[in-house]
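All values derive from a computational prediction rather than experimental measurement. Along the sequence shown, residues are numbered consecutively beginning with 1.
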Amino acid sequence: MSASTRLAELGVTLPEVVAPLASYVPAVRTGNLVYTSGQLPMEAGSLMGAGKVGADVAPEQAKVMARVCALNALAAVHSLVGIDAVTRVVKVVGFVASAPGFNGQPSVVNGASDLLGEVFGDHGAHARSAVGVSELPLDAPVEVELVVEVG
C-alpha cells in the first residue's frame, strides 16, 4: 500500500512545508537517501508550544508535538521527491528540550516513531536517537529529523 493511501486511511493530511528559519533547505536528496532538516512542532505557521519537557510541557504533550514534527519532516520529503517514493525510513533523530532531571526522551520521540510505523508499516522501522538538550530554536520542546530511502 502506498504511503499516500495509508495517510488517507489514517485521516492524516501532510501539512505545507515549514519555511526554514535560517540558511538551509527543508530536505536534500543524495543518491537514494533524503535527509530532512530538523523540524519543529509547527502547525499553521505557529509553534504548538514552548518550554522544557518535564517542567513547562508535559511528556504526553511533547509526544504529540514529536508526531507533528515527523509530519512536517514527511512534508519536506514529499515536496522534494513525493511521499510515495519513500521505500523505508532509515533513521530518526529526536531532540527534546529537557528540564533538569527529565530522562523520558525516548517516550517523547515515540510520537514520531509511532507515526512512521503507522504510515510505512514494517518499512517504517528505523534506527533512532533520542537526545536531551538544553535549548532548541524558538524555545521549541521537540525537534525531529529523518533520513529516508527512496526508490
Side-chain angles (χ1 to χ4, degrees), residues 1-22 24-50 53-54 57-98 102-133 136-138 140-151:
M1 171 182 316
S2 72
S4 57
T5 300
R6 186 65 185 133
L7 284 165
E9 285 181 356
L10 293 168
V12 174
T13 303
L14 289 177
E16 293 294 319
V17 177
V18 176
L21 299 175
Y24 60 89
V25 295
V28 173
R29 180 178 181 170
T30 182
N32 65 340
L33 297 175
V34 174
Y35 292 77
T36 71
S37 295
Q39 299 293 314
L40 301 179
M42 303 289 280
E43 283 189 319
S46 297
L47 194 64
M48 292 176 66
V53 180
V57 178
E60 283 303 313
Q61 189 180 15
K63 184 176 179 179
V64 171
M65 291 180 188
R67 181 181 177 94
V68 170
C69 292
L71 278 172
N72 289 336
L74 290 177
V77 170
H78 180 65
S79 73
L80 189 65
V81 297
I83 195 69
D84 291 330
V86 176
T87 58
R88 104 164 272 101
V89 179
V90 177
K91 176 90 186 228
V92 173
V93 180
F95 301 96
V96 180
S98 301
F102 179 74
N103 60 9
Q105 294 84 6
S107 294
V108 169
V109 180
N110 278 349
S113 295
D114 293 348
L115 171 73
L116 297 168
E118 292 170 22
V119 174
F120 298 105
D122 291 342
H123 298 284
H126 52 270
R128 187 179 91 175
S129 298
V131 183
V133 298
L136 288 170
L138 304 180
V142 184
E143 181 174 344
V144 173
E145 61 183 55
L146 301 179
V147 179
V148 297
E149 182 181 49
V150 296

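Residue pairs that meet the salt bridge (charged side-chain N to carboxylate O under 4.0 Å, His left out) test with at least one member in residues 72-84, sequence neighbours left out, do not exist here.
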Please table the atom pairs, donor to acceptor, closer than 3.5 Å between any side-chain atom in residues 143-151 and protein atoms at least two apart or in another chain.
unit_1 : atom_1 : unit_2 : atom_2 : d
E149   : OE1    : T87    : OG1    : 3.2
E149   : OE2    : N32    : ND2    : 3.2

Per-pair distances, 0.1 Å, donor-acceptor, side chain in residues 107-120, under 3.5 Å, sequence neighbours excluded:
unit_1 : atom_1 : unit_2 : atom_2 : d
N110   : OD1    : R128   : NH1    : 2.8
N110   : OD1    : R128   : NH2    : 3.4
S113   : OG     : H126   : NE2    : 2.8
S113   : OG     : R128   : NH1    : 2.9
E118   : OE1    : R67    : NH1    : 3.4
E118   : OE1    : R67    : NH2    : 3.2
E118   : OE2    : R67    : NH1    : 3.4

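The minimum heavy-atom distance linking L40 with P137 is given by the pair CD1-O, 3.9 Å. In plain terms, the two heavy atoms of P41 and A140 that are nearest each other are CD-CB, 4.2 Å. When all heavy atoms are compared, the tightest approach of G49 to P141 is O-CD, 3.3 Å. Heavy atoms only, all atoms of each residue included: L21 and L138 are closest at CD1-CD1, 3.8 Å. Taking every heavy atom of both residues into account, A97 and L136 meet most closely at N-CD1, 3.8 Å. Closest heavy-atom contact between G54 and F102: CA-CD1, 4.0 Å.
Interatomic distance, K91 NZ to S129 OG, rounded to the nearest 0.5 Å: 3.5 Å.
R88 places a side-chain N or O within 3.5 Å of a backbone atom of A125 that can act as its donor or acceptor partner. Put simply, the side chain of S37 gets close to the backbone of V25: a donor and an acceptor are under 3.5 Å apart. S4 contributes no side-chain N or O that, together with a main-chain N or O of S2, makes up a donor-acceptor pair within less than 3.5 Å.
Scored by the side-chain contact (heavy atoms from CB on, under 4.5 Å) test, E43 finds M48, V68 as partners (sequence neighbours excluded). Residues passing the side-chain hydrogen bond (donor to acceptor under 3.5 Å, both in side chains) test with Q39, sequence neighbours excluded: none. Remark: E9 pairs with R6 by the side-chain hydrogen bond (donor to acceptor under 3.5 Å, both in side chains) rule, at least two apart or across chains.
Counting heavy atoms from C-beta on, the side chains of M65 and V53 never come closer than 4.5 Å. Between T13 and L7, every side-chain heavy-atom pair lies at or beyond the 4.5 Å cut-off.
Counting non-hydrogen atoms of other residues, nucleotides and ligands closer than 6.0 Å to OH of Y35 gives a total of 12 or fewer.
Each of V142, V18, V92 was compared with C69 under the side-chain contact (heavy atoms from CB on, under 4.5 Å) criterion, and only V142 meets it.
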